[in-house]
Amino acid sequence: MSEPPPAPRCRPVPTLLGAGAVVAFGTAILAPSRLWLLLIPLSFLTALYGAGRLLSRLGSGALPAIAAPSLLRTAYTLGIGLAGLAPVATLCAMSGLFRVTGAAIVACFSYGLWALSRIERRWLPRNELIASLAGGAVLGGSWLIVWLWATIPPTFYDELTYHLVIPQQALAAGQDRLLPWVYQTAMPHVSDLLLAWGMAFADEVGARATHVSLWVLCSVGAWGLAETVAASRTAGWAGPWTIVALASSPTLWFLGTLSFAETALTAAIVIACCVLLGTPLKPSPWLALGLLLGLAAGVKLSGLAWAGAALLAGAIVGWATRDLARAGLVAVLCVIPWWIRAFLYTGNPIFPLASDIFGSPYWNAANQARLKTEIPPSIQDMSLDGWLRLPVTLVQHPEQFGSAGDAGLLAVTGIGCLAILPLLARLLGWTEQERRWADAAGAFIWLAGLAWLTTSTTIRFLAPALVVGLVGLVGMAARLSRPVQIIAAVAFVLLALVGTARFIDQQESAFSATDVALGWESGTVYMARRLDHEAAARFVRETVPAEARLLLVGEARALYFAREGMAPYPVSEHPMAKWVTEAASPEALARRVADEGFTHVVLNVREFKRLHDQYGLLAFHGPDAPTLEHRLKEFPRALTPLFSKNGVYVFRVDPVRRQDSAATNDKEVTP
């Protein structure tokens, strides 16, 4: 029986234009006020394209040059552009020249426009045009959901405490600032810095619009990787199938809509896999691989493990040891500035990991214990039965695996299939090259999975493996007979519908965001409904001088206050504990706060009680505890009250103010 004719491929220009049209049309219908925000990801992606094309011209044989007009080549160009801009942003931010990053993005944007204008225009055969537009409709539909739920005012705790505070502070100060009381700022976070592009135009929502660009890059990379691993006769539908498969995982939906660092990490690793599998071995594009792995390591500490897993996969695929060594060196050079920075400030290059080895004045056993209560346990904390049941537990009880912990049945199945793929390849009689790819995929999953298991089983930390696993499932489905492929396609679609519905349901449960996402509720009303400190933050932004310095007590969500200050993360020691102990009276405590340079104090009573009970915030022990607690209780009387609403108070630090002149109600403001 003869093979069926090759399926028409989706071409990048009509596919991406079709996807963009779906997003623009959907936004115009549902949320027209956000239509202009599309300029932010569009400009950022154009800048990435320009940076990628420029690096390809300068890098010669060290960067991949793919001749075929496919989404694989588009993914290469965008990914290399992002990986090339990352060290620029890092060095500029650390040297106090952060705004130069914006100039670099503008220059790359200009070059990207010029490069796009020179793309060859030709008429496509009718079947390819139809396939491309159909694929673009699938891609655009997924992007539209991400766009609508991403471009709303952020209320997610991590975004309000550090993910979006980092670019906000960097824009205000012109440099990246390490805040010892927010341990995440000591770790690599170049993806957060890049969100400043959109924040410069549209504040927090603009930053999230930029983040959508990272998800666009990730999904295009997954599409290109799927076309690489699928059989040639099925490559035409491999990309759309992959987008449908990604939709089955609520975790991946959350990666697109919330400013998780794992989004950039996943994009870097997926496109690194494209480089490993989709380019000729000679000459090996070691510079492209090194930049991408450097981006992964510069996003968060766990990126090192993923970079190591990718290098191992490259060795198994057949890359020369010399090329892998050069790629590894480039990756190390990209991440070294983060290690040096952390070491100079904390004494630990990989702070807060291994603090018991390096030692640090900003981390101790109490901090570590509080952190462990925040994250799911590692495999060391599980019983043997827990190890064996882990895949089932991932599907049945996703709430145990942290925020955005619902990976979905299809993604968990994909990881399991890749883990045993080397064995399957031999049982099914695959060719030598195919067995090598299978061995590389298996080694990648086992090494990265082991690193994940031994640190924390937070499921979003495994996001690159989720995407690669889903791509692997698509590749395996491509080998099935046509009737079985149809059954698999139906299953993929049904699971995608379930995954999307579960994402929307979880979004509504956690953030009550459906109405604002679909344009039925204004962002202002939504914020007032969701955040008890919104009114106080608005008061600070509108009336407190821009040069003011805030001390937040019982509140770590500093984003909307938009002022310099101190908002310790819950697992860190609050400096007030030491100041209360050393002060002789509430007035002396107020003077100490003033001496530390703070001009205003923000107190969130309700949040203080939560953090006190859960993390031991400003909880005193020992025989002096009653005295210290009374001193803290009386502290607001030594300040000048300016504003109060919803149990959130704003005070001006006025240490010479007499206690009996305070106009506050003790019962209302007592922590």
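Values reported hereafter were calculated over all heavy atoms of this structure, with side chains retained and with hydrogens, waters and symmetry mates removed.
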Exercise for the section: May I ask you to decide whether Arg592 forms a salt bridge with Asp595, counting only side-chain N to carboxylate O separations under 4.0 Å? Expected result: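 Salt bridge flag = no for Asp595 with Arg592.
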Handout entry: Step-by-step ring-ring contact (aromatic ring centres under 6.0 Å, His included) determination, Trp338 to His189
Key = CA-CA 9 Å; Trp338 294 104; His189 52 254; 4.7 Å; yes
Please enumerate all residues that pass side-chain hydrogen bond (donor to acceptor under 3.5 Å, both in side chains) together with [X], with sequence neighbours excluded.
X      : result
Glu159 : Arg208, Ser259
Glu204 : none
Thr161 : none

Practice task
Answer yes or no: does atom OH of Tyr362 have more than 12 heavy-atom neighbours from other residues, nucleotides or ligands under 6.0 Å?
Solution key: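 Not more than 12 within 6.0 Å, no.
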Problem - More than 12 heavy atoms from other groups under 6.0 Å of OH on Tyr345 - result: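 No, not enclosed.
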Can you find a heavy atom in the side chain of [X] that is under 4.5 Å from one in the side chain of [Y]?
X      : Y      : result
Leu531 : Leu160 : yes
His600 : Leu642 : yes
Leu148 : Arg34  : yes

Could you work out, with side-chain contact (heavy atoms from CB on, under 4.5 Å) as the rule, every residue matching [X], not counting sequence neighbours?
X      : value
Ser456 : Ile375, Pro376, Thr458, Phe461
Ala510 : none
Arg53  : Tyr49, Thr77, Tyr111, Ala115
Glu564 : Arg177, Arg549

Would you list the atom pairs, donor with acceptor, under 3.5 Å between side chains in residues 536-547 and any protein atom, with sequence neighbours excluded?
from   : atom 1 : to     : atom 2 : distance (Å)
Arg538 : NE     : Glu534 : OE2    : 3.0
Arg538 : NH2    : Glu534 : OE1    : 3.1
Arg541 : NH1    : Tyr560 : O      : 2.7
Thr543 : OG1    : Phe539 : O      : 2.7

Only counting residues at least two apart or in another chain, list the ones meeting salt bridge (Lys or Arg N to Asp or Glu O under 4.0 Å) with [X].
X      : result
Arg610 : Glu607
Asp176 : Arg341
Asp203 : none

Exercise for the section: Kindly state whether the ring of Phe156 and the ring of Phe260 have centres lying under 6.0 angstrom apart. Expected result: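 Here the rings of Phe260 and Phe156 have centres that are less than 6.0 Å from each other.
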Practice task
Enumerate the residue pairs fulfilling side chain to side chain donor-acceptor pair (under 3.5 Å) with a member in residues 287-296, sequence neighbours excluded, ordered by first and then second residue.
Solution key: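 Counting only pairs at least two positions apart or across chains, no side chain to side chain donor-acceptor pair (under 3.5 Å) contact touches residues 287-296.
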Practice task
Using the six-membered ring wherever Trp is involved, compare the ring planes of Trp363 and Phe351 and label them parallel, tilted or perpendicular (cut-offs 30° and 60°).
Solution key: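 It falls in the perpendicular class, over 60°.
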Handout entry: Pairwise distance CD1(Ile336) to CH2(Trp339) - rounded to 0.5 angstrom
Key =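 Rounded to the nearest 0.5 Å, the CD1-CH2 separation comes out at 6.0 Å.
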Problem - Residue pair Thr346 / Tyr183, side-chain donor-acceptor N/O under 3.5 Å - result: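 No, no side-chain donor-acceptor pair sits under 3.5 Å.
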Handout entry: Distance-only side-chain donor-acceptor flag, Thr155 / Arg530, under 3.5 Å
Key =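 Short answer, no.
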